[in-house]
Amino acid sequence: MTVSTKTRAFQLTEFDYHKISQAPVELGEVGHHDVLVEMKAASLNYRDFLISQGYYNPNLKLPLVPLSDGAGIVTKVGDKVKRFKEGDLVSSTFFQDWCSGSISQAAASSALGGEIGGVLQAERIFPEHGLVKAPAGYTAEQAATLPCAALTAWNALFEAGNLKPGDKVLVLGTGGVSIFALQLAKAAGATVFATSSSDDKLKRVKELGADYVINYKEILDWEKPVLEATDGVGVDYVVEVGGAGTVEKSIKAVRYGGHISMIGVLSGMGGVDPIKLLMKAIRLQGIFVGSREMFENMNAALAANEIKPIIEKTFSVEQVAEAIDYMKAGKHFGKIVLKF
Ligand SMILES: NC(=O)c1ccc[n+]([C@@H]2O[C@H](COP(=O)([O-])OP(=O)(O)OC[C@H]3O[C@@H](n4cnc5c(N)ncnc54)[C@H](OP(=O)(O)O)[C@@H]3O)[C@@H](O)[C@H]2O)c1
C-alpha cells in the first residue's frame, strides 16, 4: 500500500524553538503492520523545551519533527493490523518500542520527538505497536495529553508503586505530571498533599480533591507541615518532579520505607545524599514514562473513574513557539495542548 503524498510538518532545524518552521515531509508507505493517523492534537511537556534548546541531548540529529505526545484519527491500516480500524481515536506511545515488561536500552532509544521524529505533522505513520486507543469519551485534545505526563504519574503510583486506598501521596507543583498524579491518587482513595508557588493554583488543586495544600514559596521548609499532618511519620509516596532543589525535602517528607519516584529536574540537577536514603530505607525509583501495556492499564482506569485531563490552554499548531514560551513561564495548571 503506497502513500505518495507529502504531509505538512513542523521541524526543529537548529536548537532554538523560536525557529521551528514548517516543511513538507515524506510520509512513506503504510506497511503491513502500520497505521496512518491524521493528527488532531498534540500536547507539550517540559522535555519538549529541553530538547528544542539542545539541553536534553545536544547530539540529537536535526532536522527533527518535535513533540512526543499526539492523538488523531486512524485513516488507513496495513493488512496485518489487528488492534485498530479506520475511525479509531488513538494516542501515540512515548516510547514506540516499549510494549511491556522492563525498559531496555533499545526501547529507551525509541522516544518520539527525540531519538526519532515526533508527532507535530498533519499525518503520521506509526507501527501498530506504537499506538493505544483513547479512553472512551475522550476528545483528541484530551487523548493528546496522556502519553508522557499522565503515564509517568500512573507508573510512579501504580506500576513502580503499589498505591492503596488510604495511602498518603505528596505531589510537587501543579504541572502536567503532578496534576495527573493528584487526580489518579484521589480516584484510588489516597490522601493527597500538594504544593504550589501560587495560592490561586492551590485553590484549584483543592477543588480537584487535594487534602492538604502548601505554598512552597511562602513555606520554604514545606516538609514540616507534611510531617505535622502525618503525626511525624511522613507520606507513603512522593511524586518528585523538582530534582536537586526539592529532593532533600522530599526525603524528609516521606515515611521510613516510603517510595520516592524520581521524575523531573524542574529545580535543577544534582546528587542525593545516600546516608539519608539508607537511614530511612527509602525506595528511590527512577521513572521513565512507561510501557504501552501500562498506558492501556491507565486508560482503563481513566475511563472507569471518568477522569478527564485538565487542559489549561489550547494553541494552534502554528503557535508552537508561543505555546512553549507559555509553558516555560510556568503559569499553567495541568496541560497545554496544540490543535491541528
Ligand atoms: N522521568 C520521566 O519519565 C518524566 C516524564 C514527564 C516529565 N518529566 C519531568 O518532570 C518534570 C515535570 O514535568 P511536567 O510536564 O509536569 O512539567 P510542567 O507541566 O512544566 O510543570 C511546571 C510546574 O512545576 C512546578 N514547579 C516548578 N519548579 C518547582 C519547584 N522548585 N518545586 C515544586 N514545583 C515546582 C510549578 O508549579 P506551580 O506553578 O504550582 O508552583 C510549575 O508550574 C520536568 O522536569 C519533566 O522534564 C519526567
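First listed ligand is number 1; within each ligand, the first listed atom is number 1.
- Evaluation of the side chain to side chain donor-acceptor pair (under 3.5 Å) rule for Asp236 yields Arg255 as partners, not counting sequence neighbours.
- Evaluation of the side-chain hydrogen bond (donor to acceptor under 3.5 Å, both in side chains) test over residues 277-293, restricted to residues two or more places apart or in two chains, returns none.
- Annotation: Phe295 is not in aromatic contact with Phe94 [ring centroid separation under 6.0 Å not met].
- Salt bridge annotation for Lys276-Glu248: present, with a cationic side-chain nitrogen under 4.0 angstrom from a carboxylate oxygen.
- Under 4.0 Å is where a charged nitrogen must lie from a carboxylate oxygen, and between Glu38 and Lys40 at least one such pair does.
- A heavy-atom cutoff of 4.0 Å around ligand 1 is satisfied by the protein residues Tyr46, Cys148, Thr152, Leu172, Gly173, Thr174, Gly175, Gly176, Val177, Ser196, Ser197, Lys201, Tyr216, Val241, Thr246, Ile263, Gly264, Val265, Leu266, Ser267, Ile287, Phe288, Val289, Gly330, His332.
- Residues passing the ring pair (Phe, Tyr, Trp, His ring centres under 6.0 Å) test with Phe95 are Trp98, Phe288, sequence neighbours excluded.
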